[in-house]
Amino acid sequence: MTREGRATGELLLGVALVIIGLLVLAGTTIITVAPTYSRVGPRVFPFAVGAGLIVVGLIYTIESWRGAQTPSDEHQVKLLPVTLISAGLVLDALLLEWIGFIPASTLLFVLVTAGFGSRRYLRDFMAGLLLSILAYLTFVYGLGLNLPAGVMAAWL
Amino acid sequence: MAALDNLLLGFSTALTFTNLAWSLLGVTLGTVIGILPGIGPALTIALLLPLTRHLDPTGAFIMFAGLYYGAMYGSSTTSILLNTPGESGSIITALEGNRMAKRGRGAAALATAAIGSFVAGTIGTILLTFIAPYAIKVALKFGPAEYFSLMVLAFVTVTGLLGESRNRGLISLFIGLAIGLVGIDTLTGQARFTLGTPQLLDGIDIVVVAVGLFAVGEAFYVASRPTLASASIEPVKGSLWMTAEDWRRSWGAWLRGTALGFPFGALPAGGTEIPTFLSYSLEKRLSKKPEEFGKGAIEGVAGPEAANNAAVAGVLVPLLTLGLPTSATAAIMLAAFQQYGLQPGPLLFSGEGNLVWGLIASLYIGNVMLLVLNLPMVGIWVRLLSVPSPLLYGGILLFSTVGVYSLNNSIFDLYLLLGLGLVGFLMRNFAIPVAPCVIGLILGPLAEQQLRRALTISQGDFSVLVTHPISLAFLLAAVAIIIVPMLLRRLFRVTALQ
């Protein structure tokens, strides 16, 4: 990551922490408190956490305003891999209960390998399929977990 | 000696066929995940939680503890042969161990690491056996105020000593505390921060958070940096039998490493990294050949490896006797106790003696198994290092979704997993340590409970925290840990200016 990019990122992160802290404080005020608990009820601790977030966020913002504080690393950051892996997880969440564990997990596996720069799609597909079948058999028949069979229900 | 009677009882539990099998499974899995980069003991135990829900808790804990020990053994292998530490406790091992491997002394480095881990693990377990009964007696004197102040002390130490910047540690801690707020308040039954989402009423499960931060976040981080060079694997060269000189230079380092590692793990000082750094600099100072440091000095492997294994044994003292986790893995193990409806502490020792002492006894057995697994059989595990990273991470994410989905059979948890993975990615990018977040998540709700209990007893009077002497001592220690380094830095700056 470049130095400038990092410094901007730090400022944004610091501000985001302060905002989250404010949201926690706002959320604290809408917690209903029974009159018997008026003193040390369910609001005290969230209030402290919200205040703490604001303080550490402010310190972070000020420190990064004075100059980037994250140890720099020389690596270039690419976002395509992150997108591919995220897509794999979203598709898994969307498809799991519809087409079943084995195809959804194979798809996730292939997208993750692609995210890691692999171009050997056939090998990755076969490895993913094999691992998904093995995991399904072990967890469902060995440990009694409940994983969706989906379109392969007839065969399993 | 009551401890010896208890230990014998423990061995009668640990030596049954099933429990030996759990121990073997745990140490083997631990060795494997220790060797594989990108997957550590905290993540693995988190993934195993939903899978072991219906198992006998004794067997499950024997497996978890074996896994924690095993990961420390395995990660030294990766550090030495690949120069990429498998776990944070092995960063230092990579310094000298990899140099030794490059000079054709890889086998000796592996041997001193494995034997040192065995020596330290065994001494650490002996200390655990004899200290635990005393720690319980102390714990019995603690009321809610003392527990709360102790947790505050733990919060300060896990953030202050881990990572390079205290504020970054605090950011991580507060993120964890904030996530811990979500869900129904245990004392009043009020929903908090659920945004009207029914799936959030039970709170955000620590498994989802740990897997999101450790597995998904780590995958994002590694994948987003294609230039992170994959280091070359050094072949195991030389004899696994250490020479007389190797032994002479190693044994002192093992014992000193143990002496540093155990207290660091046992006090709520957090983590296995610090004692390895201390051990390394101590060995460098004591060595008759300091010029060899940086070029492959065997003491630089022997000391830190002993220190990280002894620290793991130390971490179990506050975890088992007080229910206080001081590392991310211990935090997940505390979640495992909660899953079985068990509360670590004095009551666990009196009510579940079989489980606790069986667990402790299994550590002695596990250490012997690990020595065998990691010395003669090291050649087998080394092949794991040649698994291409796309397949490795594909597998890690596949198992992550299995673990998270089977918590509640809920798709919502999978989206949560992705969200937390992105949070973990951001944290890694800005060098914010992840462990305080996990510890804050599990300890936050407990600290809140203790605080409110203390204040209910004192009828809302906060001074109860400072009028109880033990509680006051913990709070003063926490303040000292924050202030003393700041004062020292200022002092040094002043003298430097003059």
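Just so we're on the same page: letters track the sequence lines, and every chain starts at 1. In this text the structure is predicted, and so the values were computed from the model without any measurement.
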Is any side-chain heavy atom of [Y] closer than 4.5 Å to one of [X]?
X: B/L391; Y: A/F109; result: yes
X: B/F193; Y: A/P46; result: yes
X: A/L96; Y: B/T401; result: no
X: B/P445; Y: A/F45; result: no
X: A/P42; Y: B/R452; result: yes

Side chain to side chain contact (heavy atoms under 4.5 Å, CB included) between B/V402 and A/F101, intermediate numbers included:
CA-CA 9 Å; B/V402 176; A/F101 175 79; 3.4 Å; yes
Shortest non-hydrogen contact from [X] toward [Y]:
X: A/A135; Y: B/F399; result: CB-CE2, 4.1 Å
X: B/L398; Y: A/G128; result: CD1-O, 4.4 Å
X: A/F116; Y: B/S389; result: CD2-OG, 4.4 Å

Which region of B/N409, side chain (C-beta onward) or backbone (N, CA, C, O), has a non-hydrogen atom less than 4.5 Å from a non-hydrogen atom of chain A, or is it both or neither?
both
Part of B/P388 lying under 4.5 Å from any heavy atom of chain A:
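Contact with chain A involves the side chain of B/P388 alone.
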B/Y405 and side-chain contact (heavy atoms from CB on, under 4.5 Å): which partner among A/N146, A/L147, A/L145?
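The passing option is A/L147.
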With a 4.5 angstrom heavy-atom cut-off, could you sort out which part of [X] is near chain B: side chain, backbone, both or neither?
X: A/A114; answer: neither
X: A/R120; answer: neither
X: A/T106; answer: neither
X: A/A127; answer: side chain
X: A/L17; answer: side chain
X: A/L94; answer: both

Passes side chain to side chain contact (heavy atoms under 4.5 Å, CB included), A/L13 versus B/I432? Steps please.
CA-CA 11 Å; A/L13 179 66; B/I432 294 170; 3.7 Å; yes
